[in-house]
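Below you'll find the structure, written out as structure tokens, and then a few comments.
Every chain is numbered from 1, with letters handed out A, B, ... down the list of sequences.
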2 protein chains.
Amino acid sequence: MGKSLGLRKNPAKDEREQAFKQAALKLFSAKGYHKTTMSEIAMEAGFGKGTLYWYWKSKEELYFALVEESHNEFMGLVSEAAEREGSALEKLYWLGNEVVDLHYRHRDYTKLSWKMRAEELEAFSPQYVEKLRRNSSEIKEKLEELIAQGIEEELLPQVDPYYMACMLLGLIEGMEIQWLEDSDSFDLRKAMNMVVRISSLFLDNAREAAGKG
Amino acid sequence: MGKSLGLRKNPAKDEREQAFKQAALKLFSAKGYHKTTMSEIAMEAGFGKGTLYWYWKSKEELYFALVEESHNEFMGLVSEAAEREGSALEKLYWLGNEVVDLHYRHRDYTKLSWKMRAEELEAFSPQYVEKLRRNSSEIKEKLEELIAQGIEEELLPQVDPYYMACMLLGLIEGMEIQWLEDSDSFDLRKAMNMVVRISSLFLDNAREAAGKG
DNA sequence: AGAATAAGACCGACCGGTTGGTCTAAAGGA
DNA sequence: TCCTTTAGACCAACCGGTCGGTCTTATTCT
């Protein structure tokens with residue numbers, strides 16, 4: 001009896017998962033969720049479909065693993081910004097620059113997230129949708145805190161922090177779109193620099209005007 | 001061959017086409033292109049699938065007819081703004097308000113366009129893609145002209161007009177996204193008012209500072 | 001060490017369901 | 001009667017996911 005308990009670890013597991021994720025990222029970001037098939041992903045990774053399903057439970061799970069990674073990377077930056085030393089304004093400018101870097105480094109992730117935003121969420125399993133919603137709120141909340149801090153420090157004008165957070169997020173995401181659609185004529189880095197330059201100009205003038213008023 | 005005189009028109013033709021377009025708009029905007037079926041559209045319009053295909057050559061054609069209508073409506077506003085009396089700034093503020101109205105009036109169109117933006121265009125017929133690209137450029141060009149005018153009139157600071165146009169478009173589209181995703185807590189009209197208020201504050205201060213410098 | 005055996009990684013044919021598009025026949029109108 | 005319009009059964013292609021089976025490799029036995 002007994003029988004060996006020889007559980008075996010798969011030495012190639014990480015390697016495989018990485019290969020599948022990379023293939024999936026490439027295809028999902030290029031063609032979107034629905035137009036990418038599991039066979040394609042498997043083939044792109046150099047394996048059969050059955051093997052892909054050995055490592056991933058479903059298409060949905062694979063997809064959301066990527067979406068989650070993308071979110072985490074962005075969220076990491078926002079958290080790091082919040083924890084930095086300095087004024088809220090300095091934090092926001094730092095964040096802006098880092099976000100641009102991130103997008104340049106991981107253009108595929110940006111494209112994936114962007115396509116995901118246009119998918120009809122109702123078609124996915126509730127647990128994933130819920131997760132997404134939480135992620136989105138998390139970012140907005142952190143951003144809102146930063147802006148509230150800036151208002152407290154009198155570096156930003158008295159505006160509704162929540163709206164300001166949404167608008168800031170909107171501006172960044174909107175610029176991402178322009179960049180994704182035509183990277184040759186629209187340089188995201190240059191655009192971000194313009195935003196920062198104009199913002200500081202505005203805020204300086206506003207403080208000066210307020211000081212005189 | 002036949003149709004020599006093209007007479008004998010179907011009196012119900014316009015009515016049918018409208019019914020199908022309305023049904024398609026409702027479903028496409030709610031579920032996206034891929035998850036909407038032609039049978040559903042036909043049923044929603046109150047006809048059989050065969051009838052739908054009597055009026056429309058393909059799913060693609062029907063979809064792009066809607067996308068184009070949406071685009072035309074937006075483009076119409078931009079053109080109207082450009083032709084108005086007044087300064088570039090007045091035109092831009094007017095445009096901002098009208099755009100918000102348009103979105104409130106035709107939320108479905110907004111949602112449809114938005115979903116379309118995330119589709120991979122390569123999957124559609126080249127003629128449609130070309131048309132879309134032209135439309136998009138047209139809007140950016142018109143916006144760029146308006147901004148250039150504003151700079152000439154010294155109402156706007158000296159910035160690259162093309163970049164400014166992209167950023168403005170990005171801001172608006174980004175705010176649309178926030179609004180589409182959570183209309184309850186983010187009121188597009190209120191956000192636009194904030195943008196206008198902050199902009200004029202900024203521009204007033206900048207001109208004042210420049211005047212003193 | 002070398003054979004035997006167990007674990008599990010891998011494959012791709014296949015299945016059930018779906019969907020864009022077609023075909024044919026009936027209904028309606030002039 | 002003849003042409004237009006309508007309906008929905010039907011078809012072929014596609015796709016996510018499964019399954020039986022094979023092949024590789026680590027472990028155990030002698």
Axial cation check for W179(B) ring with R107(B), 6.0 Å and 45° limits: yes

Stepwise side chain to side chain contact (heavy atoms under 4.5 Å, CB included) check, L52(A) with F47(A): CA-CA 7 Å; L52(A) 175 52; F47(A) 294 90; over 6 Å; no

Atom-to-atom span, CG of L52(A) to C1' of dT18(D) - whole angstrom: 13 Å

Aromatic contact, F124(A) with F64(A) (centres under 6.0 Å): yes

Aromatic ring pairing F202(A)/F202(B), orientation class (parallel under 30°, perpendicular over 60°, tilted between): perpendicular

Where protein sits on nucleotides 10-23 of chain C, one letter per nucleotide: B base, S sugar-phosphate only, - none, heavy atoms under 4.0 Å: SBB------SBBB-

For atom CD of E61(A) and atom C1' of dG17(D), their distance in whole Å: 13 Å

Close side-chain approach of K59(B) to F28(B), heavy-atom, < 4.5 Å: yes

